[in-house]
There are 2 protein chains.
Amino acid sequence: MAFKQDLNNQFARMGKVLGSGRRLELLDYLAQGARSVEQLATVSGLSVANTSQHLQKMQQAGLVRAERHGKQIFYQLADNEVIALMTVLRGLAERHLAEVREMVSMHLTRRDGLEPVSAEELLARAWSGLVTVLDVRPPEEYAAGHVPGAVNISAERLREKIAMLDPSREVIAYCRGPYCTFSFEAVALLRAEGFSARRLEAGFPEWKQAGHPIETEHTPLELTHD
Amino acid sequence: MAFKQDLNNQFARMGKVLGSGRRLELLDYLAQGARSVEQLATVSGLSVANTSQHLQKMQQAGLVRAERHGKQIFYQLADNEVIALMTVLRGLAERHLAEVREMVSMHLTRRDGLEPVSAEELLARAWSGLVTVLDVRPPEEYAAGHVPGAVNISAERLREKIAMLDPSREVIAYCRGPYCTFSFEAVALLRAEGFSARRLEAGFPEWKQAGHPIETEHTPLELTHD
DNA sequence: TTTTCATTCAATCATGTTATTGAATGAACA
DNA sequence: TGTTCATTCAATAACATGATTGAATGAAAA
């Protein structure tokens with residue numbers, strides 16, 4: 001039965017790569033769109049060499065792929081199922097690891113007591129034109145792909161730019177994923193300022209993975225879409 | 001942003017556990033149903049102590065849980081999403097790792113040229129009563145849960161017991177999962193003997209995970225079903 | 001209470017992994 | 001053709017992991 005063992009060893013190559021918090025963080029950023037090594041190093045706080053090594057491991061394991069554009073090499077997820085993989089992994093962790101449950105309930109409790117908005121609900125309501133969809137991620141991530149019609153005000157600058165939003169319309173905010181704090185903060189701020197605001201249930205990667213429509217700013221960053 | 005790092009480190013605990021072929025093999029067996037440490041050690045060929053250590057790691061990572069019954073401790077998957085996790089992982093590996101594609105095409109090519117049967121098709125046709133559903137796994141695994149109405153003849157003994165099957169009915173065979181060779185061998189043998197035979201697309205774990213009905217022989221092995 | 005025995009623990013060695021440094025590629029652009 | 005500079009490589013040290021022993025638990029059965 002060497003076949004079974006060999007096969008499981010191959011699957012384990014992919015598993016190993018998921019066994020480092022640093023790499024999971026890099027995958028998180030890559031789930032927003034393609035990024036150069038330097039961009040990833042900056043955003044994750046790792047050295048460029050270290051980032052490069054992690055990216056190569058992930059590439060060898062088939063989770064990401066690289067493509068040169070001009071002087072830089074852009075990495076991206078090998079396919080959208082990587083997002084599904086992380087979603088399942090996180091769901092299991094949240095259900096079975098007490099530490100995760102605690103951390104999540106400490107940091108991500110919605111003080112507003114409102115249910116998050118599902119992707120389907122957002123689609124229906126955005127279509128009706130009665131809500132403002134707000135993307136609170138940094139501009140580069142917005143540029144690489146966002147929910148159609150979404151307005152981009154990064155979480156950092158929301159306080160100063162809040163006047164740009166129409167107070168008569170409900171706001172639905174989203175960010176990088178279910179554990180990204182930006183949208184929680186944004187909703188809290190908006191509600192404090194008298195807005196009617198709710199969070200999208202998940203983030204942009206999950207939206208993309210579900211096959212919902214996507215809008216792109218300009219195309220240099222948005223590479224081959226298989 | 002210590003929160004993000006801590007959270008990813010927690011998720012990585014679960015990832016680490018997927019980074020060993022041995023553990024993936026144990027998870028495969030557990031996906032068939034609950035098993036004692038000794039049973040798992042026997043079937044996987046590992047020492048009891050080594051098996052125990054792997055099981056404990058998986059338990060700490062929240063992938064499996066343990067329950068004592070009499071003198072033995074039975075391990076089982078923490079929940080059915082573990083099967084989904086492995087399905088996504090394997091799908092990614094099969095798509096992006098050349099080695100996996102090669103191994104699969106070497107060992108699992110269907111020489112019969114027939115498409116496998118989907119779970120939905122099996123349900124429809126089994127209900128009509130015109131097909132024999134054949135479980136070619138070992139009897140213990142059949143006992144711990146199987147497709148309703150399935151006949152159990154383990155792959156080893158199929159040749160000697162083939163006369164028990166009605167040659168006028170089509171046979172749909174299944175085993176442990178998409179990479180288990182039993183059902184491929186069974187279909188080849190049956191077709192050589194003049195049967196009309198096809199494979200179920202996936203195996204019993206995937207059937208269970210999809211929420212399809214399950215039949216159990218007796219209950220001591222089938223523990224709490226949350 | 002005592003015995004039994006499936007499971008776990010503890011200690012060890014060999015092996016693999018991570019982060020860091022500084023140097024080396026090598027494709028792109030002038 | 002030569003220069004630039006983003007990325008990768010190579011070497012190292014600290015650390016984590018896996019398999020193997022044999023002994024130690026401790027719950028169940030006698």
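Residue numbers begin at 1 in each chain, while the letters A, B, ... track the order of the sequences.
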On DNA chain D, check which nucleotide each of A/Q56 and A/Q72 is closest to and give me the residue with the more 5' one.
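Of the two residues, A/Q72 wins.
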Grab the [atom1]-[atom2] distance between [X] and [N] for me, whole Å please.
X: B/R22; N: D/dT17; atom1: CZ; atom2: C1'; answer: 14 Å
X: B/H54; N: D/dT17; atom1: NE2; atom2: C1'; answer: 10 Å
X: B/N50; N: D/dT17; atom1: CG; atom2: C1'; answer: 12 Å
X: B/L26; N: D/dG18; atom1: CG; atom2: C1'; answer: 13 Å
X: B/L18; N: D/dT17; atom1: CG; atom2: P; answer: 14 Å

Could you go through B/Q32 and B/R137, starting from their C-alpha distance and side-chain angles, then the distance that decides it, and tell me whether this counts as side chain to side chain donor-acceptor pair (under 3.5 Å)?
CA-CA 10 Å; B/Q32 313 300 325; B/R137 295 176 300 160; 2.8 Å; yes
So that I can tick it off, tell me whether B/D28 and B/R90 are bridged by a salt bridge, with the cut-off set at under 4.0 angstrom between side-chain N and carboxylate O.
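Salt bridge between B/R90 and B/D28, a charged N being under 4.0 Å from a carboxylate O: yes.
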If you assign A/K71 and A/S47 each to the DNA chain C nucleotide with the nearest heavy atom, which residue ends up on the more 5' nucleotide?
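The residue closer to the strand's 5' end, by nearest nucleotide, is A/S47.
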Between B/W207 (side chain) and B/L200 (backbone), is there a donor-acceptor pair under 3.5 Å?
no
Heavy atoms under 4.0 Å, any strand shown: does B/Q53 hit a base, just sugar-phosphate, or nothing?
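Base contact.
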Can the ring centres of B/Y179 and A/F11 be said to be less than 6.0 Å apart?
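Centroid separation for B/Y179 and A/F11: below 6.0 Å.
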Is any side-chain heavy atom of B/R13 closer than 4.5 Å to one of A/L97?
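The answer is yes; the side chains approach within 4.5 Å.
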Please determine if A/R68 forms a cation-pi arrangement with A/F74, meaning its NZ or CZ atom is less than 6.0 Å from the six-membered ring centre and no more than 45° off the ring axis.
no
Check every nucleotide of DNA chain C for an atom under 4.0 Å from a heavy-atom of chain B, then give the first and the last such nucleotide from 5' to 3'.
C/dT4 to C/dA10
